[in-house]
Amino acid sequence: MTELPKAYEPTVVEEKWQNRWMSEGCFHADPSSDKPSYSIVIPPPNVTGVLHMGHVLNNTIQDILARRARQEGKEVLWLPGTDHAGIATQARVEKELAKETPPRTRYDVGREDFVKMVWEWKEKHGGIIIKQLKKLGCSCDWDRERFTMDDVFAPEVARAFAELFKEGLIYRGRRMVNWDPVLRTALSDEEVIMTPSKSKLYTIRYKLADGSGQLLVSTTRPETIMADVAVAVNPKDPRFGHLVGKTVIRPLVETEIPIIADDHVEIDFGTGALKITPAHDRTDFEVGMKNNLEIIDILTADGHINCPACPELHGLDRFVARDKSIELIEAKGLLEKVEDYENNVGISQRSDVPIEPRLSMQWFLKYPCVQEAADAVANGDITFRPAHWAKTYAHWLEGIQDWCISRQLWWGHRIPVWYRKDKAAELQEATKLDEADAEAGDIYVGVEPPADPENWVQDEDALDTWFSSWLWPFATMDDECRAKFYPTSDLVTGPDIIFFWVARMIMAGYRFADGQKPFSNVFFTSIVRDLQGRKMSKSLGNSPDPLDLIARYGADGLRFGLMRIAPTGTDVKFDEKQIEEGKNFANKLYNAARYRMMQGTPGTEAPKFMPVHIDILAKLKELHVTVAEALSKYEFNTYTQALYSFFWNEYCSLFLEAVKNDLREGTPAVKNATLYTIDTVLRHYLALLAPIMPHIAEELWQSLGFATRNDGKPLMNTELPGTDSLLAGLSDTDISKAKALTTALYDTANRARNLKAEYNLATNKQVRFVLKPGALPLDEDLMARLALLAGAQSATADSSYEAPKGTPTALTPFGELFLPLEGLVDVDAERTRITKELEKITKEIAKSTAKLSNASFVDRAPAAVVEQERARLSEWENKKSQLEGMLAALA
RNA sequence: GCACGAGUAGCUCAGUGGUAGAGCGGCUGUCUUACACACAGUUGGUCAGGAGUUCGAAUCUCUUCUCGUGUACCA
């Protein structure tokens, strides 16, 4: 017998198996295989990223799917990689520069050297998350790791750009965009989070130039008054109709500006008059264009006032200038009132500061294949789980706007557009650039730089990171790989990137990959929150470090614990207690296996099963079905719950406890059947468990010798055992009889333990039970198992037993159970106990009787339901008369 | 504003028309020879509120409230 530690130590075991699986190429996908294919591409984490709980959830699900698919005999590709994450990575390196003495910025370094620095940083510190994913046990094909800026991927990005440009879907234009004044770049609409914020609404007097009065104008942004070019009123507003065409004096940098009429102004809001500042507000810009107004830009790229005509404000930060401008206006006696006000402010998802609507030259994409993408989800070609996300998706596609794809960044895919050197200055200012300019030979768009680079100047901007990520499912694969594994099977990702990534990938798939969808199923995970329901974030410090959790609970424990509480379709509140349960479960598994290892080997003769054996094997067979169903429906919590309760409750608490004596002192035949059953259960069970707890499953598989019987093949490479051989040769009647007897046995054991507990007898107190048999057949084997389960010295059947007055009794499926307690009998207590039970039963009988005497119920409910109710009633009535008999015996 | 989720035991969650569940926690016992990361027992619920459909509702419908998410915006 091997001496094994009493507690499972995951750390060493997990690392051992991770190394062995990888060195034996267990995760490698073979495109030339003739097995059916199964593929997933990982949502590439940021190369600067570190593992957080969201990754754990997401990648555990992918790993379960991948490992299960391998067991089902599929050739599996799980393709890993990282994203260059333009803004995040650039910011990371800029932060390093700022720490230097003296601090530097990227502008001090220069573009070329800065990009070199980022690459160096990426090589040195990037990809930590890949190591972390390996620690979680992810079975990705690590030989195929891709990066969104590597040599294979980058040309695909440029090619996509060039194609879309040629098609006229990409164009450059001067437009209002979301400007991040900290990062000094444009952002897409999706990167702006509208946030309710408390601000002030200032009402200011604009004097009419002819001195005939004033117009009250409300604004939240007085610092932009210098850029006002008009005041607008609604043409239908009777209060102001006569003023249209007149002029007012702009309160700062005083000059006359016109009063115009525009539908856009709401009569009921504020004063009914709106200042028009086309350079600094999206809708004002439109009003300005419509009315041919001047555009005065008074903000710098980094959000400072650029207005020499107003020296008091010139050079100030936009928020400082806000207060200062109000001081100036008040000093002029033009401030009417200030009110508290709540409005929505666009906040940059990246830098967390309010964005500035800004007119600038940017590249835009009219999305391709929008209709195909919408149809695919609507008609079920692509399945969303949970299904309700399809609605969100459809809604976004309906109102889809052109995508601003250029970023004023240095780290990323540089826009593959070159301008003819002699015309560059002119072209860069052109209000619109498109395919016509390329045809004219003024600009060059291509994957490779132009042949005569000295005559060309490349566009300064880089592409939005998502413009590369949207190509991920196919641009990561070579032709051979694509032939076997594309379209991919499942995509597992968070609903927070449904627009950023999922929707765009679908469009890109149809446009660039032979009109094929990129994946068949999308599984949207829950979002992991803390116990207060807040999103996990670095700044709140409420996000546990998964590596720390792995160190303390094991990767298997973390995976299992998290999946067990991850509901489908709603967010998960993370509770570390749950992870501890995962660890405890691993320990339970380990000890159950250790217990098995302490027993001998079964004989070679065919096992002769007792009912308890048949019962657990039948439950094992059911578990196979439950697991298969749950996984096919992506119900991961059902899967884990089924695994948990089968093993802990059915196998350990009931079955093992019932057969322990077989192993200690059973006849060779009984011992043989028991060992055979145990081995069968463990072998099947570990295979079912392996997708979610791969390390411990593999470890126990090996130490229980299942691998040896199978040419030493790891569980990882073993197909799921079939269920046909389970209970072979037994009829359904045999099985259901055995199940009924075993259920009755466990039920009786429960009652016996209850009796002991009610009389305050310690669990280890050896007592004797006497059973007065009822309808079900009793034999010595059952009685022995009952004694064992109930923690009794003995349990005997005696049909003529006459219990002394006050002997504790209970009704069981096998008959009346007595716990004779010499000298401890308390007639009154016993009477009270039985009376209480009688009351309960009487209530149930009343309820049931009422139901059955309701004609509508009997007539309309399905016959089976009525029958069930009748059976229930008669059972209770039976019990009632027995209890009454007991009570009479006490008197 | 609109859309989509969610509200079940102290906590985290199951439960799609037929006797309200699990784990944890609490409380009582027990270091019983695989496991104290354990075992046995036990305590916890007007299923957010209201109305309706139905013989029967946690479950279906309507409505109110609370929370979350997405989306649109008027200065």
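Reminder, nothing fancy here: chain letters follow the sequence lines and each chain counts from 1.
A distance of about 26 Å separates the P atoms of A58(B) and C67(B), rounded to the whole Å. Nucleotides C62(B) and G5(B) are separated by 12 Å at their P atoms, to the nearest Å.
Partners of Glu581(A) by side-chain hydrogen bond (donor to acceptor under 3.5 Å, both in side chains), not counting sequence neighbours, listed by chain and number: Arg564(A). Partners of Tyr639(A) under the ring-ring contact (aromatic ring centres under 6.0 Å, His included) rule, at least two apart in sequence or in another chain, do not exist in this structure. For the side-chain contact (heavy atoms from CB on, under 4.5 Å) test, residues two or more places apart in sequence or in another chain that qualify with Thr203(A) are Leu216(A), Ser218(A), Thr271(A), Glu336(A), Lys337(A), Glu339(A). Partners of Glu356(A) according to the side-chain hydrogen bond (donor to acceptor under 3.5 Å, both in side chains) rule, which considers only residues two or more places apart in sequence or in another chain, are Arg221(A), Arg318(A).
In this structure, the side chains of Trp396(A) and Glu190(A) come closer than 4.5 Å at one or more pairs of heavy atoms. Annotation: side chain of Pro808(A) is not in contact with side chain of Glu758(A) (no heavy-atom distance under 4.5 Å).
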Nucleotide N/O of nucleotides 11-20 of chain B paired with protein N/O under 3.5 Å:
{"residue": "C13(B)", "atom": "OP1", "partner": "Lys573(A)", "partner atom": "N", "Å": "2.6"}

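Rounded to an integer number of Å, the gap from Glu581(A) CD to G25(B) C1' is 10 Å. For the pair Lys275(A) NZ and C74(B) P, the interatomic distance rounds to 14 Å; values are reported in whole Å.
Within a 6.0 Å radius of CZ in Arg239(A), other residues, nucleotides and ligands contribute more than 12 heavy atoms.
Side chain of Ala762(A), nearest nucleotide from U30(B), C4(B), C74(B): U30(B).
Under the Watson-Crick or G-U wobble criterion, with both distances below 3.5 Å, U19(B) has no partner in any strand shown. Searching all strands for a Watson-Crick or G-U wobble partner of C24(B) with both distances below 3.5 Å returns G10(B). Base pairing of G29(B): its partner is C39(B), meeting the Watson-Crick or G-U wobble criterion (both donor-acceptor distances under 3.5 Å). Taking a pair to require two hydrogen-bonding distances under 3.5 Å in either a Watson-Crick or a G-U wobble arrangement, G5(B) pairs with C67(B). Searching all strands for a Watson-Crick or G-U wobble partner of C60(B) with both distances below 3.5 Å returns G52(B).
Residue-to-nucleotide proximity on RNA chain B shows that, of Ile527(A) and Lys391(A), the 5′-proximal contact is made by Lys391(A).
As judged by a 4.0 angstrom heavy-atom cut-off over every strand, Phe499(A) is placed among residues touching the sugar-phosphate backbone only.
A cation-pi arrangement is absent between Lys756(A) and Phe769(A) under the rule of less than 6.0 angstrom and at most 45 degrees off the ring axis.
Using modelled atom types and a 3.5 Å distance limit, the side chains of Asn178(A) and Asp189(A) yield a donor-acceptor pair.
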Requested in this report: Summarise protein proximity over nucleotides 31-43 of chain B in one line of letters, 5' to 3': B for base, S for sugar-phosphate only, - for none, counting protein heavy atoms closer than 4.0 Å.
Outcome: SBSBB-BSSSSS-
